[in-house]
Amino acid sequence: MALDAESFELLLATVQRFVRERLVPAENHLEEHDEVPADIVKDMKDMGLFGLTVPEEYGGIGLSVSQEVQVNYELGRTAPAFRSVFGTNIGIGSQGILMDGTPEQKALYLPQVASGELVMSFALTEPDAGTDAAALKTRAELDGEHYVLNGTKRFITNAPRAGAFTLMARTGGPGASGISAFIVPSNTPGLKLGKKDKKMGQRGTMTCDVIMENTRVPAANIIGGVPGEGFKTAMKVLDRGRLNISAVSCGTASRILDESARYARERKQFGKAIGEFQLIQAMLADSQAELLAGWSLVQDVAKRFDAKPAHVSDADVSMRVSCAKLFCTEMVGRVADRGVQVHGGAGYINEYPVERFYRDVRLLRLYEGTTQVQQLIIGRALLRQD
Ligand code: COS
């Protein structure tokens, strides 16, 4: 699946212009008001951004992974909350249905996902099950043609906007094999939302708890129709998600570098632009080299991702995805830190974008699997090999 090259070039140029002319100028508003303006959300829908990864047969644009990472690089060049509005629709919220859903589930949900009429969100994490996702406790008990769900999901991105969740719950015994993935409409009786989380950064993104008390969901809403496959679905979805977080990290690093180089050209000390000092150049150079290394890795892994069937997991590709997530999210943390350093005291003042990005990028090393989870996956893969 891929968009033809010519249409893709046009789309990419449109996204670049949208980021530059619409989103970057709205960053201060976003920071102040903690919400994405409704007219921007409407423009996103009109541009088809909610359906970037949904196949054309279901009304989407049908990007390949190699194309998706390029779009996410561009979206990384502005505040993360903008992408977050549709990020779960093109990523972790809907990919489970796309990868493992039955034909009926795809036909019912994907067209609404593509148009943005339905916002989907991904609910895996719980108060006592974060990194150890296979230990999740939310129960799903079979009762006739329905499952009855009880439990709490935590830090769920876009839960307040969501019309439905891809939600992992335990239908069987302990461990990964007892977990099923459900499609849970947000208006199901017994489902309620917690209060909005107050976060360090990423203002304008929405996360909160999802609480289920005797929430009845049709058995037909198990993704793929077969219980016990939900953990694998979640891991496959996260593989693609993690690669896209890596692409976003590279885009954000490139924006921070641009901001830092501009400041270094304009700011004068000791009678000349600080960019003329080699110690400033060294910081910019380290960031540039690390950004290019990360971006090359992302593009290479994306090609390997595209070379396999979308719903099939490949341990070597998963290992490489984790290398990309580990390297790129840590890389953008260092780039943001140097960006603040190049700005000096001004970098600590929230008039400058680097102060905001410094806080925003901290989350990239945590969500969709911490750096330590990526290390674990890479380490295990190496020890499995001959
Ligand atoms: N694709 C498909 N299947 C996968 C997979 C992948 N990438 N990774 C693991 N699996 C399968 C395994 O093959 C195994 O299946 P079998 O029992 O049939 O062999 C099953 O899933 C369990 O895998 P594993 O034994 O590796 O599970 P662990 O409990 O050891 O967990 C980690 C592994 C820690 C890597 C996993 O729990 C994880 O990624 N945690 C972080 C969760 C996360 O990212 N949370 C963020 C929430 S979204 S913001």
Side-chain angles (χ1 to χ4, degrees), residues 65 80 83-84 87-88 90-96 98-100 120-138 152-159 162 165-170 172-181 197 199 202 205-210 223-224 226-246 248-249 301 304-305 308-326 329 362-384:
V65 178
R83 173 183 166 272
S84 185
T88 52
I90 66 172
I92 55 178
S94 70
Q95 285 291 321
L98 197 59
M99 289 176 181
D100 289 341
M120 288 213 64
S121 164
F122 180 80
L124 175 65
T125 300
E126 297 183 356
D128 295 326
T131 288
D132 188 6
L136 64 82
K137 289 183 185 154
T138 294
T152 297
K153 296 291 174 180
R154 180 137 295 170
F155 308 143
I156 304 307
T157 301
N158 271 347
F165 298 91
T166 292
L167 188 144
M168 273 47 71
R170 189 166 300 287
S177 61
I179 296 171
S180 302
D197 300 321
K199 301 187 288 296
Q202 301 223 354
T205 58
M206 290 182 175
T207 62
C208 70
D209 281 3
V210 177
I223 293 181
V226 186
E229 293 296 315
F231 188 78
K232 288 181 188 167
T233 297
M235 290 298 120
K236 286 191 283 184
V237 165
L238 283 171
D239 275 348
R240 185 164 174 162
R242 288 166 180 167
L243 186 59
N244 280 292
I245 300 283
S246 314
V248 168
S249 303
V301 182
R304 293 169 192 268
F305 221 105
K308 67 174 186 62
H311 61 285
V312 174
S313 170
D314 175 312
D316 180 64
V317 173
S318 299
M319 183 276 286
R320 287 168 192 267
V321 165
S322 288
C323 290
K325 169 85 165 55
L326 163 67
T329 59
R362 190 61 186 85
L363 184 58
L364 301 170
R365 286 190 260 165
L366 305 173
Y367 67 3
E368 297 199 25
T370 59
T371 290
Q372 288 66 35
V373 162
Q374 313 314 323
Q375 288 171 325
L376 201 77
I377 293 170
I378 300 162
R380 283 184 187 179
L382 289 171
L383 293 170
R384 257 200 311 270

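Numbering of ligands and ligand atoms starts at 1, following listing order. Computed over heavy atoms, backbone and side chain alike; hydrogens, waters and symmetry mates excluded.
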Q) Name the residues with a heavy atom less than 4.0 Å from ligand 1? A) F122, T125, G130, T131, A133, A134, A176, F231, K232, M235, K236, L238, D239, R242, S313, S318, E368, G369, V373, L376, I377, R380
Q.
Run D239 and L243 through side chain to side chain contact (heavy atoms under 4.5 Å, CB included) and show every step you take.
A. CA-CA 7 Å; D239 275 348; L243 186 59; over 6 Å; no
Q. When you look at L136 and K153, which way does the side chain to side chain contact (heavy atoms under 4.5 Å, CB included) test go after all the steps?
A. CA-CA 9 Å; L136 64 82; K153 296 291 174 180; 4.0 Å; yes
Q: State, without any angle test, whether T205 and K199 hold a side-chain donor-acceptor pair at a distance under 3.5 Å.
A: yes
Q. Does the side chain of D209 pick up a donor-acceptor pair with the side chain of T152 at under 3.5 Å?
A. no
**Q.** side chain to side chain contact (heavy atoms under 4.5 Å, CB included) between L238 and F122, worked out
**A.** CA-CA 10 Å; L238 283 171; F122 180 80; 4.2 Å; yes
Q: Applying salt bridge (charged side-chain N to carboxylate O under 4.0 Å, His left out), name anything that partners D128, two or more places apart in sequence or on another chain.
A: K137
